[in-house]
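Quick notes on the structure that follows.
Counting convention: from 1, in listed order, for ligands and their atoms alike. These numbers come from the heavy atoms of this one structure, side chains and all, not from hydrogens, waters or symmetry mates.
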Amino acid sequence: MRVADAFREAYGTDPEGVWHAPGRVNLIGEHTDYNDGFVLPFAVPWGVTAAVSPRDDGVIRLASLQDGGRPRTLTGLDQATGWERYPAGVFWALGVTRGADIVIDGDVPKGAGLSSSAALELCVAIALNDLYALGHTPLELAKLSQKAENDFVGMPCGIMDQAASALSKEGHALFLDCRSLASRNIPLDLAAHGLTLLIINTGVHHELADGQYAKRRQDCENAAKRLGVPALRDVTDLAAALAQLSGDERKRVQHVVTENHRVEAVIGLLRAGAVLEIGAILNASHLSLRDQYEVSSPELDVAVESAIRGGARGARMTGGGFGGSAIALVAPEKAQAVREQTEAAYAARGWAAPTFLTATPAAGARRVI
Ligand code: GLA
């Protein structure tokens, strides 16, 4: 295995073990997690693999094959910079002070919005949990990884990405109630229904994303306060709620409340075996994210419109927005037409070509050696 070879090269010994954690794509339930709502992501076949050995002296040695492969020695967590802040944050959140030797290898496509950061966090978290016998459950590791990202890295993300990386099961989507954190693995065999999930990576990441993400969270918190509910999850009468709100808050509430219902609708259709019918709900989700939540981008909108023109059953942006990827639910024989439509639409606007991936639901974080 490449990462184990690199470990031997970097540190001169075999690693104690190798762990893998996947990225995720979200089928539906966008910007609902931090509103105590519902999400339905699944783990993708790409992720982060880490070869790790324990230490006793508090030193962390870290190398990444995507960053030259040369180890850096950290004698304090505050020395971590760039991508190193994610593993450092996990040491902090788990309270691990003994250090470790780590080599990381990742294959989540960059800038695709497929949660490479959550994969990195969970991979390190599960490795430390095993090596130091910390006894955390996968859900606890997801929560601690989110804490690392919120409070150490400083990105106010919800729980979806970390939960998807920790709790997913091959061949299943993960239905998560982000309030109770109860979850269920829902069988998702798209091929059996003559479908595939095409990921259209716009290759674009608009810089405003992080500031806008925090701003959306704030809009939601303000609206919940105005409505006198603990979180937007608790809005039961949408019409009455909207009548009390105006401007951005009104639009955000319209999205969050309807998006939670769309997740439940998709769950119902999946349970009924009516998989084709979820396409229309994906389309509705996209329009809501574009017009009410205002987190789409021209590249995402064109990807979604082209996918539908090319014959997709449904399509929408996935993840935080402002770039990243769109997903399209499409019959395999139409996938080529979807690609061509999208490429032509991008070329006509002078944009760099998007890239395409096909995702089937993969397993969550695990020890591989
Ligand atoms: C990002 C965050 C998640 C979630 C999505 C939007 O991926 O990390 O917690 O809020 O955006 O659904």
Worksheet entry | Test applied, side-chain hydrogen bond (donor to acceptor under 3.5 Å, both in side chains); reference residue, Glu249; option that passes from Arg226, Gln218, Lys225 |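 Option passing the side-chain hydrogen bond (donor to acceptor under 3.5 Å, both in side chains) with Glu249: Arg226.
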Worksheet item: Among the heavy atoms of Arg24, does any lie under 4.0 Å from an atom of ligand 1?
Response: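 Under 4.0 Å: yes for Arg24.
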Worksheet item: When you measure from atom 9 (O) of ligand 1 to each heavy atom in Asn35, Val295, Leu114, Asp33, which option holds the nearest one?
Response: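 Ranked by closest heavy atom to atom 9 (O) of ligand 1, first place is Asp33.
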Worksheet entry | Close side-chain approach of Met160 and Glu30, heavy atoms under 4.5 Å |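 In contact.
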Worksheet entry | Beyond-backbone contact of Leu287 with Gln292, side-chain heavy atoms, under 4.5 angstrom |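 The answer is no; the side chains never approach within 4.5 Å.
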Discussion item. Tell me whether the rings of Phe175 and Phe38 are parallel (<30°), tilted (30 to 60°) or perpendicular (>60°).
Written reply: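 Rings of Phe175 and Phe38: tilted, 30 to 60°.
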Any N/O of [X] closer than 3.5 Å to an N/O of ligand 1?
X: Ser115; answer: no
X: Tyr213; answer: yes
X: Asp161; answer: yes

Any idea which atoms of ligand 1 are less than 4.0 Å away from a heavy-atom of [X]?
X: Tyr34; answer: 10 (O)
X: Gly158; answer: 9 (O)
X: Gly320; answer: 7 (O), 11 (O)

Fill in: Single hit among Leu276, Ile281, Val275 for side chain to side chain contact (heavy atoms under 4.5 Å, CB included) with Leu269
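That would be Ile281; it is the only one of Leu276, Ile281, Val275 passing the side chain to side chain contact (heavy atoms under 4.5 Å, CB included) with Leu269.
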Worksheet item: When you check the side-chain N and O atoms of His255 and Asp291, is any donor under 3.5 Å from an acceptor?
Response: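 No, because no side-chain N or O of His255 sits under 3.5 Å from a partner of the opposite role on Asp291.
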Fill in: side-chain hydrogen bond (donor to acceptor under 3.5 Å, both in side chains) pairs, two or more places apart, involving residues 113-126
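As it turns out, the side-chain hydrogen bond (donor to acceptor under 3.5 Å, both in side chains) pairs with a partner in residues 113-126, which skip direct neighbours, are Arg24-Ser115, Ser115-Asp161, Glu121-Gln162.
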Discussion item. To check your reading of the model: name the closest protein heavy atom to atom 5 (C) of ligand 1, its residue, and the distance in Å.
Written reply: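 Atom 5 (C) of ligand 1 sits closest to the protein heavy atom Met160 CE, 3.7 Å.
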